[in-house]
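Proteins get letters first, then strands, A, B, ... in listed order; numbering begins at 1 in each.
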Number of protein chains: 2
Amino acid sequence: MSTPPAAIDADLGWALGAVYRSYLKAVEAVVSDLPGGPRGYQVLTSAVHDGAGNQADLAVQLGIDRTVLTYLIDDLEECGLVERQADPRDRRRRRIAATHNGTTVWTQRCAALEHVERHLLGSLGADADTFRLLLRHLAAHTDEFDPSTSEAVEHLERLDETPNSRARRRKPDPLSP
Amino acid sequence: MSTPPAAIDADLGWALGAVYRSYLKAVEAVVSDLPGGPRGYQVLTSAVHDGAGNQADLAVQLGIDRTVLTYLIDDLEECGLVERQADPRDRRRRRIAATHNGTTVWTQRCAALEHVERHLLGSLGADADTFRLLLRHLAAHTDEFDPSTSEAVEHLERLDETPNSRARRRKPDPLSP
DNA sequence: TATTGTTATACTCTATAACTATA
DNA sequence: TATAGTTATAGAGTATAACAATA
């Protein structure tokens with residue numbers, strides 16, 4: 001067999017996953033003692049900057065379920081990094097605010113993360129800033145992408161409806177092309 | 001409070017996560033009927049291109065445990081997409097090869113994914129190719145990054161050893177800056 | 001009635017340990 | 001003895017459903 005048309009290196013999803021895993025591994029040393037690890041740090045970031053009005057919005061922003069966020073904030077609050085403040089205008093809502101200690105901890109970790117990220121993007125050389133810029137732009141515009149309106153699905157030939165079974169010991173139907 | 005120094009949008013980890021989640025959501029419609037979803041597709045990609053010599057290498061490449069890969073290949077094999085072939089030179093090793101059907105399915109999905117990815121990166125305009133290039137470069141060089149040798153950890157002020165407790169109902173020690 | 005957040009519970013996904021077979 | 005792969009099991013992570021408080 002000659003050179004394959006597109007090896008796994010060409011797969012955008014694989015590359016995204018590989019870089020993301022690499023990032024998580026690199027960052028672990030800096031934030032592993034925070035409850036929730038990298039995600040706990042992101043909650044702290046949002047709290048320091050008053051990023052989200054309430055928990056529901058914050059959960060969407062972080063891509064997690066609101067019930068998961070409850071436990072996460074519980075731990076951060078018990079560590080004295082953030083605190084829940086009732087919104088006087090809507091007493092159902094809770095504003096997540098960083099404590100003084102939380103702000104100090106965040107500032108330190110943020111500086112350390114800058115070093116890690118610089119190292120992580122080091123192989124890009126002068127293009128590291130370009131990558132940051134493009135990635136930030138993408139992240140800011142993800143909500144504009146609606147898969148349901150994509151023509152990619154229509155492009156895909158119709159397949160027999162074989163629902164994806166993740167159950168381990170179930171014999172799946174063979175996929176026909 | 002004036003403009004915060006660095007909101008969550010500036011966080012590289014958040015941006016990576018947001019884009020990665022967006023990718024997974026976008027791709028789901030194309031690969032959801034494959035066992036393992038996007039990851040099953042990646043195994044199929046590797047199988048089509050003879051990407052990994054054995055399962056252990058493939059597991060490392062995909063960032064998953066080898067025991068997880070076993071179940072994943074089980075399902076793909078039962079669907080008739082890949083098959084395990086014993087390596088004649090080391091009969092412990094199994095080569096994961098795509099079946100004829102698997103190659104056909106992969107070719108179709110790969111074409112559909114191209115559309116999804118183009119749509120996903122659409123907001124970057126002409127810079128989409130640049131982003132792909134930089135991301136691929138990063139993914140190819142992730143192994144060069146060793147967090148243990150990073151100066152970022154030394155940059156971080158020494159903290160009391162407060163191991164990260166993910167247990168839900170345990171009172172964690174308060175973090176001192 | 002709808003929404004925010006919480007809690008209990010069930011489910012999914014992943015990792016650990018022990019095993020077989022090959023080297 | 002060490003390694004590749006498998007299996008059973010335990011564990012971590014996540015989501016579903018029911019609830020209380022507020023709108």
Side-chain angles (χ1 to χ4, degrees), chain A residues 17 20-21 24-25 28 32 34-40 42-43 46-47 52-78 82-97 163-170 172, chain B residues 17 20-21 24-25 28 32 34-40 42-43 46-47 52-78 82-97 163-170 172:
Chain A
Y20 190 48
R21 286 192 299 272
L24 289 178
K25 191 178 167 190
E28 200 187 35
S32 62
L34 298 181
R39 206 148 61 180
Q42 286 172 12
V43 171
S46 176
N54 58 354
Q55 294 183 199
D57 292 346
L58 182 54
V60 171
Q61 197 172 45
L62 301 181
I64 62 177
D65 197 85
R66 59 177 181 157
T67 62
V68 175
L69 185 57
T70 295
Y71 304 126
L72 191 49
I73 295 174
D74 281 348
D75 295 343
L76 289 165
E77 198 168 33
E78 284 181 285
V82 304
E83 60 183 13
R84 284 179 243 240
Q85 295 173 347
D87 186 336
R89 275 169 296 209
D90 185 342
R91 303 223 308 286
R92 293 173 303 182
R93 299 186 163 210
R94 317 271 153 154
R95 182 175 154 266
I96 306 304
N164 174 17
S165 151
R166 288 174 218 274
R168 275 184 189 164
R169 285 155 204 85
R170 233 196 73 194
Chain B
Y20 191 47
R21 286 192 299 273
L24 289 179
K25 191 177 167 192
E28 201 188 35
S32 62
L34 298 181
R39 206 147 60 181
Q42 286 172 10
V43 171
S46 177
N54 59 354
Q55 294 183 201
D57 292 345
L58 183 54
V60 171
Q61 198 172 46
L62 301 182
I64 61 176
D65 197 84
R66 56 176 182 155
T67 62
V68 175
L69 185 57
T70 296
Y71 304 126
L72 191 49
I73 294 174
D74 282 349
D75 294 343
L76 289 165
E77 198 168 32
E78 285 181 283
V82 305
E83 59 183 13
R84 285 180 243 240
Q85 295 173 348
D87 186 335
R89 274 168 297 210
D90 185 343
R91 302 223 308 286
R92 293 173 302 181
R93 299 187 163 207
R94 316 271 155 154
R95 182 174 154 266
I96 307 304
N164 174 18
S165 151
R166 289 175 216 273
R168 275 182 190 165
R169 284 152 204 89
R170 233 195 72 194

What is the distance, rounded to the nearest whole Å, between atom CG of A:L72 and atom P of C:dG5?
14 Å
Nearest whole angstrom, please: distance from the P of D:dT7 to the CD of B:Q55.
11 Å
Would you classify A:R39 as touching base, sugar-phosphate or nothing, given that sugar-phosphate means primed atoms plus P, OP1 and OP2, and contacts are heavy atoms under 4.0 Å?
sugar-phosphate
Say you draw a straight line from CG of B:L24 to OH of B:Y20; how long is it, rounded to the nearest 0.5 Å?
5.0 Å
Starting from P on D:dA4, measure out to CD1 on B:I96 and report it in whole angstrom.
14 Å
Check this for me: does the side-chain of B:R92 come within 3.5 Å of the base of D:dT3 through a donor and an acceptor?
yes
From CD1 of A:I73 over to C1' of C:dT7, roughly how many Å is that when rounded to an integer?
15 Å
Suppose we call a contact any N or O donor and acceptor under 3.5 Å apart; does that hold for the side chain of B:Y71 and the base of D:dA8?
yes
To the closest 0.5 Å, what do you measure between CZ (A:R66) and CG (A:N54)?
11.0 Å
Using whole Å, report how far CZ of A:R95 lies from P of D:dT22.
19 Å
What nucleotide among C:dT22, D:dT6, C:dG5 has an atom nearest to a side-chain atom of B:D90?
C:dT22
To the nearest 0.5 Å, atom CG of B:L76 lies from atom CD of B:E83 at 12.5 Å
Between CG of A:L58 and CG of A:L69, what distance do you get to the nearest 0.5 Å?
5.0 Å
Separation of B:D75 atom CG from C:dT14 atom P, in whole Å?
13 Å
5'-most contact on DNA chain C (nearest-nucleotide basis), A:R93 vs A:T67, goes to A:R93
Which nucleotide in C:dT22, D:dA4, C:dG5 has an atom nearest any side-chain atom of A:A56:
C:dG5
Would you classify B:R66 as touching base, sugar-phosphate or nothing, given that sugar-phosphate means primed atoms plus P, OP1 and OP2, and contacts are heavy atoms under 4.0 Å?
base
Quick check: on DNA chain D, is the nucleotide nearest A:R89 upstream (toward 5') of the one nearest A:G63, or the reverse? Name the residue that is more 5'.
A:G63
For A:D74 and C:dA8, what is the distance between atoms CG and P respectively, to the nearest whole Å?
11 Å
Rounded to whole Å, how long is the line connecting atom CZ of B:R84 with atom P of D:dA4?
16 Å
May I ask you to verify if any side-chain N or O of A:T70 is less than 4.0 angstrom from the OP1 or OP2 atom of C:dT6?
yes
Kindly say whether B:R95 contributes a backbone atom to a donor-acceptor pair with the side chain of B:Q55 at under 3.5 angstrom?
no
What contact category does A:D65 fall into here, base, sugar-phosphate, or nothing, at under 4.0 angstrom with non-hydrogen atoms?
base
